[in-house]
Amino acid sequence: MTEDGKLSGDKKNWSRELENQIKERVNSLSWNFSPYSGKEIFSLDTPPPYTSGRPWHLGAAAQYSKIDIIGRAQRMLGREVLFPVGMDRNGIPVERYTEKKYGIRMRDTQREEFLNLCKTSLDELEKEMLEILHSFGYSGDFNNIYRTDSPEYRALTQSTFIEMWERGMITRGTRPSNYCIDCGTTIADAEIEYAEIDTKLVYFYFKIKDSDDRILVASTRPELLAACSAILVNPADERFKDFAGKTAITPLYNKEVKIIPHAYAKAEFGSGAVMICSYGDYNDVQIIKELKLEENITINTNGRMNEKAGEKLSGLNVKNARTEIIKLLQDNDFVEKIENIKHRTPMCDRSKTPIEIIPLNEYYVKVTEIRDKLEELAHKLEVTPPQHRQILINWLKVSSDWPISRRRYYGTEIPLWYCNDCGESYVPEKGKYYRPWRESPPKNAVCGKCGGKEFTGDDRTFDTWMDSSVSALYVTKYLSDKDFHGKTYPMTLRPQGVDIIRTWLNYSILRCYLLTGELPWKKAWLDGMGLDEHGEKMSKSRGNGVDPTTVIEKYGADAFRFWAASEAMAGSNFMFSESRLQGSTKFLTKLWNVARLINQFPYRGEEIEVTSKSDEWIINYTKKLVNDCRKGYEELNPFIPSNKIREFLWNVFAPHYIELVKARAYGEGFSGMDKQSAVYTLNYVLKRLILLIAPITPFISETLWGELYSKEPVHYQRMPDECEVNMEIIELGEKLMEFNSKVWAIKKEKGLSLREGLKLEIPPELKVFGNDLKSMHNLTE
RNA sequence: GGGCCCGUGGUCUAGUGGUUAUGACGUCUGCUUGACGUGCAGAAGGUCAAGGGUUCGAAUCCCUUCGGGCCCACCA
């Protein structure tokens with residue numbers, strides 16, 4: 001019981017003020033992880049949030065809340081929990097943020113200076129990010145925050161690259177690459193998204209060499225005409241059978257190209273004849289490779305047409321070049337017609353601009369040759385919910401080698417130098433952080449091929465997924481502590497959203513498998529996405545992202561967390577709704593008031609045998625609740641405990657049991673033994689309720705626990721043990737509740753207040769609850 | 001075109017073979033009831049997308065259709 005007999009100043013409801021009073025205490029609890037405690041280890045490879053200035057929307061905060069519930073529950077289930085907090089700080093988003101913030105352009109700024117500005121931005125953004133995490137009571141290990149741009153982390157990224165290099169898992173080559181003009185770098189397939197864009201399909205004629213005939217070609221990329229190396233027609237297409245094998249002359253450029261029969265050309269699309277250019281799309285890449293056609297690149301990496309595109313187009317950007325060439329073709333009577341179509345265009349997911357396919361020399365992780373193995377691993381990994389496994393499998397089936405070099409500044413540097421004499425790569429030793437764009441290679445570096453001693457550093461960085469894909473290795477001290485790593489790897493769980501399956505999940509499996517020969521974790525927990533009130537995916541570009549900070553400030557962290565837990569099954573998409581969030585504040589107030597009542601009847605004694613059937617009933621019901629909640633927590637599904645607890649508290653415990661024993665608890669007309677039994681039982685139930693709900697709503701739980709039961713934090717307690725349940729009495733309890741409803745309905749019908757007396761026979765089977773029932777309804781028989 | 005998921009009262013959501021289908025929000029009616037009006041009690045509202053099949057019995061299993069979402073492929 002509280003000192004003055006009143007719960008927190010006798011406030012009638014759980015509020016933001018009460019939450020703020022306890023916040024500091026709960027957030028400052030520490031969790032020291034030791035792999036040597038002897039307890040079963042439960043480790044989480046949680047997503048290091050991207051500190052990029054991308055506002056964190058509510059869906060992300062809800063997801064992290066659920067992850068935190070999983071972590072807290074595992075502690076209370078008696079596991080040794082490794083729950084690291086990381087900050088993902090590399091890559092393009094922060095560079096863009098910095099450019100915007102300071103009104104500068106990365107490539108016009110001195111690299112060192114630009115990096116410093118990025119760092120300043122990151123430190124500010126990280127501070128905000130940490131505040132948000134604290135605002136909803138995230139309980140990861142804030143004493144050991146890891147940052148993917150720290151020298152230690154980057155040393156790991158580089159070391160693992162070197163290791164892969166030495167083992168022949170990296171390849172280098174000039175391949176047609178997804179090139180984002182806006183970002184000025186190659187990007188991976190996984191970083192591409194598609195958009196339906198209005199495009200003109202231009203039908204225009206090529207002359208046939210030594211003939212008056214013409215062949216009609218349809219293209220959405222006429223500006224690539226100078227890069228055209230062939231025209232394909234379907235072998236079965238009657239319209240073109242006379243043209244097959246002949247040579248056509250490109251309009252305007254007057255270049256000779258072969259007309260080749262090939263199944264890729266579909267008679268029903270466009271004019272039936274397609275021009276192959278380097279490179280309009282992925283099909284061009286395939287066809288040019290297959291037919292060994294000439295490559296003729298007309299777009300520079302700055303996004304402008306080069307001199308090969310001809311005088312009229314040279315220097316124009318792609319969009320203007322397209323307009324210009326259409327005009328030229330029209331002026332010279334080559335155009336038959338122009339159709340407006342929707343075209344699915346590959347876009348860079350960072351800059352939202354169309355990508356170009358340009359051959360560039362890049363480094364790749366060899367994926368293609370181990371694809372089958374990856375698929376096997378994907379089947380071996382436990383996935384919850386299991387249906388999401390398919391997203392990974394689908395992606396693995398089509399994924400190809402992963403380009404990992406980026407022509408950017410703020411990222412982990414590629415740790416390579418090149419011999420000035422012969423160009424051979426110089427690979428340094430593992431374990432250190434290297435910055436080849438500004439540092440000389442290690443002393444005494446000698447070219448392994450020609451013996452040269454002069455080197456030039458690579459000035460590129462890695463794809464940021466090269467960093468984040470080894471988070472499981474970093475937090476288990478792969479390089480720094482063999483013993484620790486041995487105890488903690490593979491980790492227990494990778495919790496993340498379905499949106500980054502093809503990147504983070506996929507690349508983590510790939511990288512960790514290549515390095516350790518094992519999956520990085522036993523299980524992956526794949527959560528759905530946050531949707532707005534209309535069921536649309538929240539995103540920055542749609543402008544419908546809800547700011548979690550204002551919501552949490554308004555309703556409180558516990559209400560927010562309870563909402564996140566109870567809104568949808570883990571793995572399903574969840575829709576944000578303010579009214580439903582209000583519903584969870586109501587629930588917390590209900591819990592608060594139940595505790596306020598029970599606080600009047602403190603119980604500090606030993607366990608006792610209860611004297612009443614009502615007490616026996618609710619104790620068994622509580623045991624069943626304990627079992628259900630434990631199961632839900634073990635299944636990593638906060639939806640189950642949150643809803644089970646809400647239903648029990650609101651629909652069983654408060655309206656039926658509490659009403660049943662009120663008189664007995666106040667001690668009117670009952671023996672001291674009976675009173676004690678009621679008081680004991682009320683506390684038995686409440687104590688367990690607080691323990692069960694503590695992972696979900698840490699603040700109200702700690703407040704109640706601290707004021708009612710113990711100064712030792714609830715979060716350091718164990719969950720109640722699983723127990724045997726007497727199901728017979730629970731079934732009898734169902735009849736009891738039905739009877740209560742019946743009495744209430746009769747009184748309502750007769751216009752009686754609930755306290756007024758009523759003459760009614762108690763059914764024989766319910767006679768065991770006799771005295772409680774009589775006092776509850778004021779019954780006379 | 002291929003794969004996966006989903007379709008339950010106005011809205012959202014449980015329920016994967018067994019009596020009158022769960023809960024929340026909303027709606028309506030009544031209520032100072034020894035904690036809670038952010039409450040209490042009661043009520044209305046569902047052919048469990050449609051059709052067929054399996055079964056003694058189907059929201060639940062199977063098939064078909066329709067509708068929605070996601071992923072992949074194709075898109076000159």
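In what follows, chains carry the letters A, B, and so on, assigned in the order in which the sequence lines appear, proteins first and then strands, with residues in each chain numbered from 1.
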Peer 1: A:Lys735: what forms a side-chain contact (heavy atoms from CB on, under 4.5 Å) with it, not counting sequence neighbours?
Peer 2: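 Partners of A:Lys735 by the side-chain contact (heavy atoms from CB on, under 4.5 Å) criterion, ordered by chain and then number, come out as A:Glu765, A:Leu766.
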
Peer 1: Among residues at least two apart in sequence or on other chains, which ones pass side-chain contact (heavy atoms from CB on, under 4.5 Å) with A:Ala195?
Peer 2: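 Residues passing side-chain contact (heavy atoms from CB on, under 4.5 Å) with A:Ala195: A:Ile197, A:Met347.
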
Peer 1: Please list, for nucleotides 2-8 of chain B, all pairs of protein and nucleotide N/O atoms separated by less than 3.5 Å.
Peer 2:
from : atom 1 : to       : atom 2 : distance (Å)
B:G3 : O2'    : A:Gln390 : NE2    : 3.4

Peer 1: Please convert RNA chain B into dot-bracket. A pair counts if it is Watson-Crick or G-U wobble with both distances under 3.5 Å; crossing pairs go in [ ] and bases paired with another strand get |.
Peer 2: ((((((((.[[[..)..(....]]].(((((.......))))).....[[[[[..)....]]]]])))))))....

Peer 1: Which residue pairs pass the ring-ring contact (aromatic ring centres under 6.0 Å, His included) test when at least one of the two sits in residues 564-600 of chain A, sequence neighbours left out?
Peer 2: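 Every ring-ring contact (aromatic ring centres under 6.0 Å, His included) pair that includes a residue of residues 564-600 of chain A, provided the two are not neighbours, is A:Trp14-A:Trp592, A:Phe562-A:Phe587, A:Trp563-A:Phe576.
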
Peer 1: Using the salt bridge (charged side-chain N to carboxylate O under 4.0 Å, His left out) criterion, which residues pair with A:Glu553? Sequence neighbours excluded.
Peer 2: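 Residues passing salt bridge (charged side-chain N to carboxylate O under 4.0 Å, His left out) with A:Glu553: none at all.
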
Peer 1: Scan for side chain to side chain donor-acceptor pair (under 3.5 Å) pairs involving residues 263-277 of chain A, sequence neighbours excluded, and state none if there are none.
Peer 2: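 Listed once each, the pairs are A:Tyr264-A:Asn283.
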
Peer 1: In the 5'-to-3' direction, what one-character label does each nucleotide of nucleotides 35-45 of chain B receive under the scheme B = base within less than 4.0 Å of a protein heavy atom, S = sugar-phosphate only, - = no such atom?
Peer 2: BB-BSSBS---

Peer 1: With A:Ser579, which residues qualify under side-chain contact (heavy atoms from CB on, under 4.5 Å), at least two apart?
Peer 2: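 By the side-chain contact (heavy atoms from CB on, under 4.5 Å) rule, A:Ser579 matches A:Ser577, A:Gln582.
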
Peer 1: Listed by chain and number, what are the salt bridge (charged side-chain N to carboxylate O under 4.0 Å, His left out) partners of A:Glu223, not counting sequence neighbours?
Peer 2: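 In terms of salt bridge (charged side-chain N to carboxylate O under 4.0 Å, His left out), with neighbours along the sequence ignored, A:Glu223 is linked to A:Arg221, A:Arg322.
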
Peer 1: The criterion is side-chain contact (heavy atoms from CB on, under 4.5 Å); which residues satisfy it with A:Asn593, sequence neighbours excluded?
Peer 2: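 Listed in chain order: A:Thr589, A:Arg596.
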
Peer 1: Dump every N/O contact between nucleotides 13-21 of chain B and the protein below 3.5 Å, one line per pair.
Peer 2:
none

